[in-house]
Amino acid sequence: MNIPEKLIELRRIMDRENIAAYIISGTDPHNSEYLPAPWQQRKWISGFTGSYGTVVVTKNEAGLWTDTRYFIQAEKELDGSGIKLHKLRIPGAVDYPQWLTEVLESGTKVGIDGFCMSVSDVRNLKNALSPKNITIQEQIDLLGEMWFDRPALPVEKIIRLDTKYVGESAGERIGKIREFIRDNHGDAILFSCLDEIAWLYNIRCNDIAYNPVAISYAIVEKDKAHLFIKLDKISQEIAQQLAEDGIELHDYHHLFLFLDEQNKENTYFIDTNTCNYAVFNHLAKKFEVREIESPIPLLKAVKNTTELDGFRLACRKDGVALSKFYYWLENRLSQQPITELEAAEQLTRFRSQDKEYVSDSFGCISAYGPNAALPHYSATPEQQSEIHPKGLYLVDSGAQYMHGTTDITRTMPLGELTELEKEDYTLVLKGMIDLSMLYFPKGSKGCNIDIVARLPLYMNLRNFGHGTGHGVGYFLNVHEGPQSIRPDLKNQEMLPGMVTSNEPGLYREGLHGIRHENLIVCQPKAVNEFGEFYQFETITLCYFDTSVLLIQLLNQNEIDWLNAYNERVYQEVSPYLEEQERVWLRNKTKAI
């Protein structure tokens, strides 16, 4: 079926069920950003391939709600589908709950799949709809009877990480959670976020492309720990290791059966921002449920010394692969153009030469010229551009190594540039350098320091529509919280040990896009009569091309930082390069 045919069939089922609107949330039972194949409902019903968005279908209309990162992409992918784009995070934006109150009649019903919406999202929806007496019909998977070739749950085997990689045993991490339970006077806590479970039990898998996690639930009690997972994913050896850490195994589909057998006097902790509504509802019918913020995101965001050493090693390996890639690209383009996908595949080949490389950490954004104006552009065999030795080429990429995760963007000049391209390139780099050099007081949140990366753009009447920085997992999801660097308030201060991206950008539709990105680690700086101060350690190691900079736009401190950074890249990366590559990198990193 094509998209219009799917909408016709869905509306037929909605009419049978007496549902006036159906919501496809675009997530899975675990609140994942990137989805395992069985839960890629949003893509299946709409054709939209972005990582954020909600589809709503009524009897007469269909819409996709997404944010500024995907406006251009969504317009293209929804063309001819019968689904209208609704833009979020812009002045006057109307989100889908409010929209539903405007288009539905009083007393009608809205259908949702309770396993694929969080408790907080369902509550927000109910709050919006209740004044019009519009009710929600929960736990309805209407796509299930239409999607005949829906993939089954993955059966990939899990691996366990030795403490030489992660610095802590699963038993030690479980102990921290039990301390949280005791301190808050509860009996058990249920986790549903896959990266939280992977961190807690030191397990990794590849159930979701690029995200080394396993589809699972976890429950930690005062004296026991449980993992709910497809049992054929676990070898006898790993089952024994888990047992030694006091972790009992259960089938993934037996979560409700397990809960039904527990003491009804127990008090369960649940994070309603991430737990799906169906699981919460089942718990709340039998137990006292107390709503908390999961303690794991902050625990895993503050990396220990073993993890930070692993990150630094991963970034050095990445720097070697990227240097080889850009050397190869420059030489290849001197002979003939190549496609965006060919370039991305070659970069993956360079990374995969390392024995501890596992996979890329997300789909490579290989974007030449105007394509780079789409912040989350994805080249396909059917729709991509050739790269030529002129203009700008943006590559946003990363890798999963056994000892760390990388995320790096470089926008490289491939030949002659316009003055506007040079100016934009310089201003974005200026903002990235300024944030890299920042000292800031303890207690600062991401919104307090975001302005530093944007100020050079603001002062030239320019801006970008995405966050400046996100947390990065340790051989885990490339996007993680709780910290972020962006203009809107997120009530989490920056703490020593947090690994965050630093990636300002600028995008001109139809012309070019520029983003410069490094990973930075929050570190102590000094303590004096004014308090405690922090700074950032830059751990990414890949040169910045200085040949097209408008140096008059940089101050001396910025020039000194850039020269020192490029020199450090040369010193740390060049020993792993061939002689001709070293000579080339020496030229790229010479001082300005």
Intermediate values then yes/no, side chain to side chain donor-acceptor pair (under 3.5 Å), Glu537 and Gln523: CA-CA 7 Å; Glu537 171 197 359; Gln523 297 281 20; 2.8 Å; yes
Main chain of [Y], side chain of [X]: is a donor-acceptor contact present, judged purely on distance under 3.5 Å?
X      : Y      : result
Lys490 : Pro482 : yes
Ser46  : Phe48  : yes
His86  : Trp65  : no
Asp162 : Tyr165 : no

So, do [X] and [Y] have ring centers that fall under 6.0 Å from each other?
X      : Y      : result
Phe287 : Tyr268 : yes
Phe311 : Tyr474 : yes
Phe258 : His226 : yes
Phe533 : Phe440 : no

Whether over 12 other heavy atoms sit under 6.0 Å from Lys224 NZ: no
Ring geometry between Tyr70 and His376 (parallel below 30°, tilted from 30 to 60°, perpendicular above 60°):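 Because their plane-to-plane angle lies in the 30° to 60° range, the rings of His376 and Tyr70 count as tilted.
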Arg290 to Phe280 six-membered ring, cation-pi geometry met (6.0 Å, 45°): no
Close side-chain approach of Ile189 to Pro295, heavy-atom, < 4.5 Å: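 Yes - at least one pair of side-chain heavy atoms lies under 4.5 Å apart.
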